[in-house]
Amino acid sequence: MSLILIILVVTLTSLFAIFRFKYRRFYKLAAKIPKLPGGLPIIGATHIFMTAEPKDYLPIMLDMIKKDMVIGSVWFGTQFAVILNTVEDFQKVLTSPNCINKPKLLFDAFFSDSASFCVNNNPHEMRRKLLNPSFTSLMLNKTNFHTNEAIKGFINKINAKSDGKTIDIYHDIAACALRGTLHAHFDYDDDSLDYKVVKGFDDFKPLIMQRLGKPWLSFKPFFKLSKLSKQVEAVRTPIYECINKIIESNKHHRIKLEGRCVSTIRQLLDTKQKLSDEEIAEEIFIFIYASHETSALALSACLLLLAMHKNVEEKIFEEIKSAKLSEEFTSISNEETQSFPYIEMVIKETMRLFPPVAVTFRETIAEVEVGDYLIPPDTIVGLPVLLIHRNEKIWGKDAGSFRPERFEPEEFNKIPQFAFLPFLLGKRTCIGYKYAMYFMKIFIINFVKNYKVETDLKFDELKTQMTPATSLLQGYPIKIIKRK
Ligand code: HEM
């Protein structure tokens, strides 16, 4: 018995020594990077996240990297990770060809293998090439009628709620943002499922967070056997009802495209691409999630901030008044939004303080140099955008307060390019950022033209959480009052 034990110990020790020798450079580079607090031998920081509530993941992560640290490292079992904290290092990583991939753990959590948000390497590049033509300024103009119609529907509907009672505005805006995306990008104009789909995503998001906190569920057979797998199937049903309708109503477009600029759904259905129905469905799933939630979070936060900063709301109203828009709802083209520079500053300032994606991750495929360190291959790189957005050394002493004027060109031009990253930058920058900015500007113009907002919440009470986009823990409670 004791001989067997000795053989076992010797074998395991030898295997461990061989492993460490083979990966000696990896361990040497990893050891040089300063450690983040809280890690334990062997398991690293796994216990911290496995025992925390998903709503606390973001504050825990942001707390780990102390203000004066430029980089910090942490282990999650056998997975090595670093968190960066300087604009220069963000830029290095976001522009490095060795740092384009997303960690498998992250996209496993989205339960998708084939959507552009989730694929890596060559498939990602091909999918971007396929979809980029649907996101040009030309396409914005082609679809501006649909975008405006979605917002018109919201402005009319919200009238019934403008009685001064407190409501959480997120779901109404999310349904409106979803309507805009489905109509403008997926040629789908039936609004009967909008709220059902938003509710489906609401039920789906906590399941993403649950899977993130249980790394063993990345192993597919374990996941298939888990209760979570059945819950995921159930909540995906109303979303897939909508996706199947989109595919069904556009099936006649399954033709070979001849180099024309067309909507996202037509690009996906292009027979040259040979995408299966399942791959197309996954792509639509991620698209409608990525587009409606982020835009709705930014707009909901913007209205809440206007309710807290009446001077800003009034300045926006003055800008709208001087544009002499006539009707209750005004259709606005992308070019016309250029006449509302202050509104653009307010939206940007909202996303600086409350970026809908406050932290994101990449994975290295080779060594990447940042500052005095080399990040080894197969390392997860955390990019806490929120910390850069609120860094006083970059944005000044008032970095924590809401001051849209900091986006005046004379002031903003002094800020480094990679210090403002609501849509990120680099090869995986948000494909829909032009559309998102356009949508948000027409929304705010038409909303503030017709309504004022109030809230009982105070700015200092606002706390962010990961859901997995970044939302406010307090929700978005506002009172809507119709302007006379
Ligand atoms: C305020 C609104 C929005 C914000 C703040 C936002 C932010 C972002 C960010 C930060 C990323 C990069 C995520 C990462 O790499 O970790 C991203 C990716 C993406 N976004 Fe957006 N987004 C917005 C609206 C939209 C819209 C309207 C669409 C589509 C109509 C869209 C589609 C996508 C897609 C498909 C990706 C994945 C791109 C890739 O991996 O190549 N987003 N977005």
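Order of listing sets the numbers, starting from 1, for every ligand and every atom in it. Please read these numbers as outputs of a predicted model, since none were measured by experiment.
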Q: Look at the rings of Trp395 and His389 and say which category their plane angle falls in: under 30° parallel, 30 to 60° tilted, over 60° perpendicular.
A: perpendicular
Q | For ligand 1, the portion of Met437 having any non-hydrogen atom under 4.0 Å away | A | neither
**Q.** Contact (N/O only, under 3.5 Å) between Thr181 and ligand 1
**A.** no
Q. Any sub-3.5 Å donor-acceptor pair from Thr46's side-chain atoms to Gly77's backbone N or O?
A. yes
Q: Would you please test Thr95 and Phe418 for side chain to side chain contact (heavy atoms under 4.5 Å, CB included) and show each step?
A: CA-CA 10 Å; Thr95 52; Phe418 280 73; 3.8 Å; yes
Q. How does Lys427 reach ligand 1, by side chain, by backbone, by both or by neither, if only non-hydrogen atoms under 4.0 Å count?
A. neither
Q. Is the Tyr195-His171 ring centre distance short of 6.0 angstrom?
A. no
(Q) Test of understanding: given a 4.0 Å heavy-atom threshold, classify the contact between Phe135 and ligand 1 as side chain, backbone, both, or neither. (A) side chain
Q.
Under 4.0 Å, heavy-atom basis, I'd like to know which part of Arg127 is in contact with ligand 1: side chain, backbone, both or neither.
A. neither
Q. For Arg362, is the nearest heavy atom under 4.0 Å from an atom of ligand 1?
A. yes
(Q) Checking Asn141 against Asn334: is there a side-chain donor and acceptor pair closer than 3.5 Å? (A) no
Q. Between Tyr289 and Phe117, does the ring centroid distance fall short of 6.0 Å?
A. no
Q: First locate atom CG of Asp187, then atom CG of Asn250, and finally report the distance between them rounded to the nearest 0.5 Å.
A: 5.0 Å
**Q.** Main-chain N/O of Ile375 paired to Thr379 side chain as donor or acceptor, under 3.5 Å
**A.** no
Q: Decide if the gap between the ring center of Phe402 and the ring center of Phe459 is smaller than 6.0 angstrom.
A: no
(Q) Only heavy atoms of Lys102, strictly under 4.0 Å: list the atoms of ligand 1 that pass. (A) 14 (C), 15 (O), 16 (O), 40 (O)
Q) Does any N/O atom on His185 come nearer than 3.5 Å to any N/O atom on ligand 1? A) no
Q.
Strictly under 2.8 Å of atom 21 (Fe) of ligand 1: which protein N/O/S atoms qualify?
A. Cys430 SG
Q.
For the 3.5 Å polar cut-off, considering only N or O atoms, please tell me whether Ser295 and ligand 1 meet it.
A. no
Q. Can you tell me the protein heavy atom closest to atom 7 (C) of ligand 1 and the distance?
A. Pro422 O, 3.5 Å
Q | Atom indices of ligand 1 within 4.0 angstrom of Phe117 heavy atoms, with elements | A | 37 (C), 40 (O)
Q: Would you check if the distance from the ring center of Tyr433 to the ring center of Tyr438 is below 6.0 Å?
A: no
Q. For ligand 1, is there an atom lying under 4.0 Å from some heavy atom of Met440?
A. yes
**Q.** Aromatic plane relationship, His185 with Tyr435 - under 30° parallel, 30 to 60° tilted, over 60° perpendicular
**A.** perpendicular
Q. Does Arg179 make a cation-pi contact with Phe186 (under 6.0 Å, within 45 degrees of the axis)?
A. no
(Q) Could you identify the single nearest non-hydrogen protein atom to atom 38 (C) of ligand 1 and state the distance to 0.1 Å? (A) Arg128 NH1, 3.4 Å
(Q) Just so I know, are the side chains of Arg352 and Phe407 near enough to count as touching, which here means a heavy-atom distance under 4.5 Å? (A) yes
Q) If you draw the axis of the six-membered ring of Phe412, does the NZ or CZ of Arg406 fall within 45° of it and under 6.0 Å from the ring centre? A) no
Q) Got the closest protein heavy atom to atom 41 (O) of ligand 1, with its distance? A) His124 NE2, 2.6 Å
(Q) Does only the side chain of Phe361 get under 4.0 Å from ligand 1, or the backbone, or both, or neither? Count heavy atoms. (A) neither
Q. Would one find an N or O of Tyr435, backbone or side chain, under 3.5 Å from an N or O of ligand 1?
A. no
Q. For Lys251 and Asp277, what are the C-alpha separation, side-chain angles and deciding distance, and is it a side chain to side chain contact (heavy atoms under 4.5 Å, CB included)?
A. CA-CA 10 Å; Lys251 262 221 156 123; Asp277 278 4; 3.3 Å; yes
Q) Who's the nearest protein heavy-atom neighbour of atom 40 (O) of ligand 1, and how far? A) Arg428 NE, 3.1 Å
Q | Distance from atom 16 (O) of ligand 1 to nearest protein heavy atom, with residue and atom | A | Thr360 OG1, 2.3 Å
